[in-house]
Amino acid sequence: MLAFVQGELAEVKENYVVVDNHGMGYEIFIPHTVHSHLPAIGDKVKFHTYLQVREDGMALFGFINREDLAMFKLLITVNGIGPKGAIGILSAISTDDLRFAVLAEDVKAISKAPGIGAKTASKLILELKDKFKLDDAFEASFQSNQMVSSGGKGNNDGIREEAVQALVALGYSATDALKAVKAVEITSNMTSEDVLKLSLRNF
C-alpha cells in the first residue's frame with residue numbers, strides 16, 4: 001500500500017513536504033537529511049513511502065531512496081522506537097553511518113539523535129547488529145557513493161577489518177575508524193598496513 005508517491009513538489013516545511021499528485025496533496029514526513037536532495041518547488045519528485053495506520057489517524061513517511069526506507073523499517077522493529085523516533089534518528093545520522101555505528105556498537109554516535117538515550121541506543125544495537133555484516137556495509141556504502149572497488153572481495157574484507165582494529169587500537173572511535181577505512185579504495189596488492197596508512201590521511 002502506497003509504495004511510493006510521485007508528483008510535483010508543492011510545499012516544503014521543516015519536518016514534512018507536500019506532493020501534488022493529480023490535484024491531491026500528500027503530506028509526507030521526512031528526515032532532515034532529505035532537504036538537501038529536494039528539487040525546486042513545482043519540479044517532479046518521488047518518495048518511497050511507509051504508511052502508518054493508527055486508531056487516531058494515518059501518517060505517511062517518505063524517503064528519496066529505498067535504502068533509507070529499508071533502514072527506517074528496521075528501526076521501527078526495535079522496541080521503543082516508533083516512526084517519528086526513526087525519522088529523528090535518520091535526521092541525525094545517515095543510513096551508512098548508522099549501519100557502521102551499529103556494527104561498531106557506538107552508543108554515543110546513535111545517542112546524538114533527538115529523544116534517543118544511551119539505553120535505547122544500546123537496545124537498538126543489540127536488536128539490529130545481527131542484521132548487518134561489515135562487508136555488506138562497505139559494499140552498500142560504496143554503491144551509494146558510486147564507488148567501485150577492485151580486487152577480491154573476501155580478501156579485502158579481511159584487510160579492512162584488520163585496518164579498523166588497528167585504528168581503534170590507536171585511539172580512534174570505532175565509527176570514525178570504519179568511515180576512514182571505507183574511504184580507501186583497496187587494490188589487490190595492498191596489505192592491511194597499506195590501508196592503515198591511507199586511512200590515517202582521512203582524519
Side-chain angles (χ1 to χ4, degrees), residues 1-6 11-19 26-38 45-145 164 168 172-179 182:
M1 181 183 291
L2 285 179
F4 66 85
V5 173
Q6 183 170 294
E11 190 176 349
V12 177
K13 297 295 184 180
E14 182 180 359
N15 298 317
Y16 69 90
V17 297
V18 176
V19 176
Y26 290 87
E27 183 181 85
I28 305 172
F29 292 97
I30 59 172
H32 295 164
T33 50
V34 166
H35 282 271
S36 61
H37 301 287
L38 293 176
V45 68
K46 179 179 179 179
F47 287 98
H48 300 279
T49 55
Y50 173 86
L51 177 63
Q52 179 192 32
V53 180
R54 302 188 310 182
E55 291 183 1
D56 58 347
M58 296 185 292
L60 199 58
F61 299 85
F63 307 87
I64 295 296
N65 58 64
R66 290 189 180 91
E67 185 183 10
D68 290 345
L69 174 60
M71 179 62 79
F72 172 85
K73 289 181 176 179
L74 276 179
L75 287 171
I76 61 177
T77 66
V78 177
N79 187 30
I81 298 179
K84 289 188 177 180
I87 284 285
I89 293 172
L90 292 174
S91 292
I93 183 170
S94 71
T95 291
D96 282 341
D97 288 347
L98 178 57
R99 190 183 292 111
F100 284 119
V102 170
L103 288 168
E105 299 185 30
D106 193 339
V107 172
K108 185 177 180 180
I110 298 172
S111 297
K112 292 179 181 178
I116 303 298
K119 185 177 180 180
T120 302
S122 297
K123 183 186 298 183
L124 186 156
I125 291 169
L126 180 64
E127 295 188 24
L128 297 187
K129 188 175 182 182
D130 290 342
K131 298 184 183 297
F132 303 131
K133 294 182 179 179
L134 185 60
D135 54 338
D136 292 338
F138 277 117
E139 184 176 353
S141 181
F142 290 153
Q143 289 176 351
S144 67
N145 289 286
V164 169
V168 172
Y172 295 100
S173 73
T175 302
D176 287 342
L178 285 164
K179 290 168 67 175
K182 177 186 71 173

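Taking NZ of K112 as the start and CD1 of I89 as the end, the distance is 14.0 Å to the nearest 0.5 Å. From Y50, atom OH reaches atom CZ of F72 across 6.5 Å, with rounding to the nearest 0.5 Å. L98 contributes atom CG, which lies 6.5 Å from atom CG of L124 (distance to the nearest 0.5 angstrom). Once rounded to the nearest 0.5 Å, the distance linking CD1 of I64 with CD1 of I30 reads 7.5 Å. In this structure, NZ on K46 lies 15.0 Å from CZ on F63, to the nearest 0.5 angstrom. The OH atom of Y172 sits 14.0 Å away from atom NZ of K179, with the distance rounded to the nearest 0.5 Å.
Closest approach of T49 and L69 over heavy atoms only: O-CD2, 3.9 Å. H35 and K13 make their closest contact through CE1-O, 2.9 Å (heavy atoms, listed as atom of the first residue, atom of the second, distance). Annotation for A86 and I81: closest pair N-CG2, 3.8 Å, computed over non-hydrogen atoms. Annotation for I110 and A101: closest pair CG1-CB, 3.9 Å, computed over non-hydrogen atoms. Taking every heavy atom of both residues into account, P31 and S91 meet most closely at CA-OG, 3.1 Å. Nearest approach of I87 to F29, heavy atoms of both residues: CD1-O, 4.2 Å.
Side-chain contact between D106 and I125 is absent, with no heavy-atom pair separated by less than 4.5 Å. Counting only heavy atoms from C-beta outward, the side chains of V17 and V45 never approach each other to under 4.5 Å. With a 4.5 Å cut-off on side-chain heavy atoms, H32 and N15 count as touching. Side-chain contact check for V78 versus L126: every heavy-atom pair is 4.5 Å or farther apart. Side-chain contact between D97 and K182 is present, with at least one heavy-atom pair separated by less than 4.5 Å.
For residues 118-128, there are no salt bridge (Lys or Arg N to Asp or Glu O under 4.0 Å) pairs, not counting sequence neighbours.
Checked by atom type and distance alone, the side chain of S122 never pairs as donor or acceptor with a backbone atom of V107 at under 3.5 Å.
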Could you go step by step and tell me if L74 and F132 meet the side-chain contact (heavy atoms from CB on, under 4.5 Å) rule? CA-CA 11 Å; L74 276 179; F132 303 131; 3.8 Å; yes
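Ring geometry, H48 versus F4: the interplanar angle exceeds 60°, so the pair is classed perpendicular (tilted spans 30 to 60°).
By the ring pair (Phe, Tyr, Trp, His ring centres under 6.0 Å) test, Y16 is found to be paired with no residue, residues two or more places apart in sequence or in another chain being considered.
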